[in-house]
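Report on one structure; see the data block that follows.
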There are 2 protein chains.
Amino acid sequence: MAGWVDDAGFLAGLEPQWREELRACKPVLVPVRTTLFRPGDHAQSFVVLLSGKIGVYLTGRNGRELLLYSVTPGETCVQTTLGVLGGAPYSGEALAETDLVAVLVPPALFERLMAGSAGFRHFVFKAFAARLGDLMFVLEQVAFVKVEQRLAHALLERAGPDGLVSMTHHDLAVVIGTAREVISRRLEAMQSKGLIANERGAIRILDRPALSRMAAQD
Amino acid sequence: MAGWVDDAGFLAGLEPQWREELRACKPVLVPVRTTLFRPGDHAQSFVVLLSGKIGVYLTGRNGRELLLYSVTPGETCVQTTLGVLGGAPYSGEALAETDLVAVLVPPALFERLMAGSAGFRHFVFKAFAARLGDLMFVLEQVAFVKVEQRLAHALLERAGPDGLVSMTHHDLAVVIGTAREVISRRLEAMQSKGLIANERGAIRILDRPALSRMAAQD
DNA sequence: GGCTTCACGGTGACTAAGTCACACGGGATC
DNA sequence: GATCCCGTGTGACTTAGTCACCGTGAAGCC
């Protein structure tokens, strides 16, 4: 009598007896654009995302925002985990980018899983490792890499097969951690070089190879 | 028959039987200025620092460096831990700022501790939480805060009771994540305002309150 | 249809930060 | 005393971020 389906396969590494117990946890539905956590919030449960996408952002006092990482199905939101365990407050802001389905693991079960399941421990640690890696990457980009390169990278990463990137300049500015005007000017420069075409609310990539070169520049 | 003394008190939260087992691990001595890990290195042991100080840095391709965090006695180097567990490679660079004494916990014992000791698990998670917090802080500073404020903050943080900060401009640049010239110019500006006095290899703080105001600026 | 409203984006002018090249001087070393 | 190197100062230039303001297209409202 499974409570939910593990499409993302995060139960795979778990011992059978624990698998059953986890399946008994009720999944939760969250509508798009819900703010899941704000800075200073204190999480009560360990969360595993089953479907949808969560964006975690950092906001500066000047109002500028920066995307720290995204949580995708089969992953957990580390900061929540830290809240459950260490009592550290939440410093980022989590936003439901789509409708979500998630499993909430209550602290008591979480403790028992950590104590009893090597598979679960590895899952949790891999999640930590991945997030720490994400943060290091963002930090390196923000601290050392030029806007033009980051922008080229971001565009390529988010382009559909037709080369369309459905994001506003403001969206891109948040992903990269800069100001909207800077993005506008960079995109205009790229357009005048024939690399992309600007449309309202979207950018179309015309010359992938050239953009890749720009992104990889040493 | 204790193998070493737990000055930093990190054994405090551990169950007695595990305490003994940990004490049996041989401490290791590392001389100052040793590079402990480079990007891509793969750690074999879980490390707990008993005395000394480790600095963990990120290096950009342009050669600029950025201090991510420091490891002090009683703490562990998270990235090492991740290496032991998740197999994630090391992306920062760790340098012994002083002579070190550290305990190396072999993977097998680490696994047994994680499985058997709630106290140990909490120690590990608190370490993770602290590091993640450190990284978030640095990220926020680098992404959103002006150099002048960061510099004022860094100076206050590192000043002795006499107001002396024994660091070169280059050192400060690494701490803040900017270029040496930028630091030189900022310090000169601060000096001309009477906030500090520049000396060779050091800065003397003359007006703490004013510097605090500068650091706190909204 | 005509009107309002608002998100999206363009622009100029200015400040802050980063880069590059090079110059100066004090200590240490030989 | 000559040399070397580290720490620092400086000018000129590029890139990025900020502020204020404008135009325009799209959605909604009357």
Side-chain angles (χ1 to χ4, degrees), chain A residues 33 58-66 139-155 164-193 196-204 214-215 217-218, chain B residues 33 58-66 139-155 164-193 196-204 214-215 217-218:
Chain A
R33 264 181 295 280
L58 190 61
T59 308
R61 18 195 158 302
N62 47 7
R64 253 169 61 203
E65 286 181 304
L66 171 59
L139 194 44
E140 185 181 338
Q141 295 290 308
V142 171
F144 300 129
V145 181
K146 290 212 197 304
V147 166
E148 187 172 60
Q149 292 169 47
R150 279 186 276 159
L151 181 53
H153 186 266
L155 287 174
L164 195 69
V165 183
S166 294
M167 298 175 74
T168 67
H169 294 188
H170 172 261
D171 294 339
L172 283 165
V174 169
V175 167
I176 287 180
T178 182
R180 199 251 323 153
E181 298 93 316
V182 176
I183 297 291
S184 291
R185 290 194 242 261
R186 286 287 142 198
L187 286 177
E188 198 208 327
M190 288 180 175
Q191 184 171 33
S192 77
K193 281 187 210 158
I196 60 167
N198 278 305
E199 303 172 16
R200 194 185 171 82
I203 290 95
R204 185 173 304 279
M214 184 174 275
Q217 214 141 86
D218 184 56
Chain B
R33 265 182 293 281
L58 189 61
T59 307
R61 19 197 157 300
N62 47 7
R64 253 170 61 206
E65 288 181 304
L66 172 58
L139 194 43
E140 185 181 337
Q141 296 290 307
V142 171
F144 299 131
V145 181
K146 291 212 198 302
V147 167
E148 187 173 60
Q149 293 169 48
R150 277 186 277 158
L151 181 52
H153 186 267
L155 287 175
L164 194 69
V165 183
S166 295
M167 298 175 72
T168 67
H169 295 186
H170 173 262
D171 294 340
L172 283 164
V174 169
V175 167
I176 287 179
T178 182
R180 200 256 319 157
E181 299 92 315
V182 176
I183 297 291
S184 291
R185 288 194 244 260
R186 285 287 141 198
L187 286 177
E188 198 208 329
M190 288 180 174
Q191 184 171 33
S192 77
K193 282 187 209 159
I196 61 168
N198 279 307
E199 303 172 15
R200 192 184 171 84
I203 290 96
R204 184 173 305 277
M214 184 175 275
Q217 213 143 86
D218 183 56

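Note that the coordinates shown come from a computational prediction; the quantities given were computed from them, not determined experimentally.
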Given [options], which nucleotide is nearest the side-chain atoms of [X]?
X	options	value
B:S184	D:dC19, C:dG10, D:dG9	D:dG9
B:V147	C:dA17, C:dT11, D:dA16	C:dA17
A:R185	D:dG9, C:dG10, D:dT18	D:dT18
B:K146	C:dT19, C:dA17, D:dT8	C:dA17
B:T168	D:dG17, D:dT8, C:dT11	D:dT8
B:R200	C:dG10, D:dG7, D:dG25	D:dG7
A:E188	C:dT11, C:dG18, D:dT8	C:dT11
A:T178	D:dG17, D:dG7, C:dG18	D:dG17

(request) State whether A:N198 places a side-chain N or O below 4.0 Å from either non-bridging phosphate oxygen (OP1 or OP2) of C:dG9. (result)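 No.
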
(request) Answer yes or no: does a side-chain N or O of A:R186 lie under 4.0 Å from OP1 or OP2 of D:dT15? (result)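 Negative; the distance criterion is not met.
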
(request) Quick one: label A:R64 by what it contacts on the DNA or RNA (base, sugar-phosphate, nothing), any heavy atom closer than 4.0 Å. (result) sugar-phosphate

(request) Return the minimal non-hydrogen interatomic distance between B:G177 and B:L66, and the atom names on each side. (result)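 In terms of heavy atoms, the two residues are closest at CA-CD1, 3.5 Å.
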
